[in-house]
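Some notes on the structure that comes next.
All figures in this text were calculated on a predicted structure; none of them were measured in a lab. Values below: all heavy atoms of this structure, side chains included; hydrogens, waters and symmetry mates excluded.
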Amino acid sequence: MAPVNGRLCVKLGSRFGWLWAAYAVSAAGTWLAFDAFALIALLVLHAGPAQVALLASAGPAVGALLAVPLGPWMEFRRKRPVMILADLVRCAALLAVPAAHFLGVLGFGRLLLVSMVVAAADLTFTAASGAHLKSLVPRAGLLTATSRFESTTWTATVLGPPLGGAAVGLFGPVVTVAANALSFLLSALGIRAIKGPETAPERPPRDPSRPRAADLLDGWRHLLGSRELRPLFLNTVAVNGLIMAQAPLLAVLMLGPLGFAPWQYGLAFAVPCLGGLLGSRLARPLAGRYGRRRVLLTSGVLRACWPLGLAFVRPGVPGLVLVMAVELGLITCASVFTPVLAAERLERTPDDRVARTLSAWSVSTRTGTAVLTALWGVLASLTGPRTAIAAAGVLLLATAPMLRSLATGRRSPASVPPSPAGPPPSR
């Protein structure tokens, strides 16, 4: 703890600083190359809408399935080497795209394969970095750390796509993929610079009556068996999936029948991202004043109330203002909810199950998003995009009761013991 402006604040240290810097540079590269694969498919490979949709949904979905066994694999290994390996895999996979383009052998299948590999490596890195963050930062500093990550994400979201769009216009989308690959190399160097020893977690004694395949389900078993995490997990999978299912339909509606120009569509989503910076800065003081449970309940319910307004978008400036207002409210509430949720999830997960839990969470949310996006695409083809957007908005309102236990349940201690299968505590 150190005094800052008359208050005691947690010092996170230089080791966290290197992890934060590694995350920042990779996030910047990712958002710089936002939608680069779709643009390559359209502009370079001349793919049709069905192939672009397949690239957007199948790549992340299959990547999530490939990542399922990686959670148990990394649980009892040192996390920094796993993170460095994930960064190098992402770098190499992405560099294969400009290399194949230069050699004239880039095809849709190769692009789809790269998207799957990158998605699996993304999930692996996310789980390993979350587990390492818990060991790197004192418990009192977890919310501060997750808020900084959230703020960094939204900063990259605000700046990355406009700069990436300019780079695409000048150099083409393949160059932004190469820049993204470089960002992962820099991220690996940043993680390598974290000083201090990292002890490999102790592997628990294996019950011979328990099949090894059951390890794959340990993350889900913890999430669904936890009274505190289960409603948050199920709510997040549903809310994230329904929000993302609206995104391509809104693009079709705005750029098609409503006649918005591409720059107007981009502006409608770029400006509200400033709400992400606001929300991530408010998360920690709000949680300190009102308590995490109340902040999770309030921001979690509010973030589900905004998207229904997108069903009422109209042409012209009023419609543009409506979309910006809805997205601003949604992003602000979500950016308060997300870092508080991340800190709560780490604190309520035993140390010997963090990687598997985070992996299960990420796999579930990405798979749920892919499935709901595909289903809503079918619904929109039958009923029209506006009706499908409205249906998603109504279902989002119905997710609020999933968080009712936060209002009625009795709060249990934030610290949790190791799982029953874990090693005995050291004395």
Side-chain angles (χ1 to χ4, degrees), residues 22-64 66 84-126 153 155-190 247-248 251 255 261-263 265-267 269-270 273 366 370 373:
Y23 176 81
V25 70
S26 63
T30 297
W31 283 102
L32 183 73
F34 179 66
D35 271 352
F37 277 21
L39 292 173
I40 291 174
L42 288 169
L43 303 178
V44 178
L45 303 178
H46 308 291
Q51 288 179 302
V52 174
L54 178 66
L55 185 65
S57 58
V62 175
L66 292 175
I84 292 172
L85 177 62
D87 271 336
L88 295 179
V89 167
R90 291 189 285 188
C91 178
L94 289 172
L95 285 178
V97 174
H101 177 64
F102 177 77
L103 296 173
V105 295
L106 180 62
F108 181 79
R110 191 183 301 271
L111 197 63
L112 184 60
L113 177 62
V114 169
S115 73
M116 295 176 185
V117 173
V118 171
D122 282 343
L123 292 173
T124 302
F125 183 92
T126 299
T153 297
T155 301
T157 306
V158 171
L159 300 177
L163 294 176
V168 169
L170 292 173
F171 308 109
V174 175
V175 173
T176 62
V177 173
N180 193 17
L182 176 61
S183 75
F184 291 126
L185 179 60
L186 295 175
S187 172
L189 293 175
L255 298 174
W263 70 267
Y265 174 77
L267 183 67
F269 293 94
C273 288
R366 296 217 182 177
T373 299

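- Contact record, A36 with V177: CB-CG2, 3.8 Å, taken as the closest heavy-atom pair.
- Scanning all heavy atoms of the two residues, the minimum distance from S183 to G29 falls at OG-CA, 3.6 Å.
- Within the 4.5 Å cutoff, no side-chain heavy atoms of S115 are placed close to those of V118.
- Between Y23 and T153 there is a side-chain heavy-atom pair separated by less than 4.5 Å.
- In this structure, the side chains of H101 and I40 stay at 4.5 Å or more apart for every pair of heavy atoms.
- Taking all atoms of both residues into account, the shortest heavy-atom contact from T176 to A167 is CG2-CB, 3.9 Å.
- Looking at heavy atoms from C-beta onward, V114 lies in side-chain contact with F37 at the 4.5 angstrom threshold.
- Checking L182, V25, L88 one by one against S187, the side-chain contact (heavy atoms from CB on, under 4.5 Å) holds for a single residue, V25.
- Closest non-hydrogen pair, A179 versus L32, comes out as CB-CD2, 3.8 Å.
- W31 places none of its side-chain heavy atoms less than 4.5 Å from the side chain of L159.
- For the pair A181 and C91, the tightest heavy-atom approach, listed with the atom from each and the gap, is O-SG, 3.4 Å.
- Listed here is the closest heavy atom pair of R366 and A119: NH1-O, 4.1 Å.
- Considering CZ of F184 and CD1 of I84, their distance stands at 15.0 Å, rounded to 0.5 Å.
- Tested against V89, the residues D122, T124, V117 include a single side-chain contact (heavy atoms from CB on, under 4.5 Å) partner, V117.
- Rounded to the nearest 0.5 angstrom, N180 CG and L185 CG are separated by 12.0 Å.
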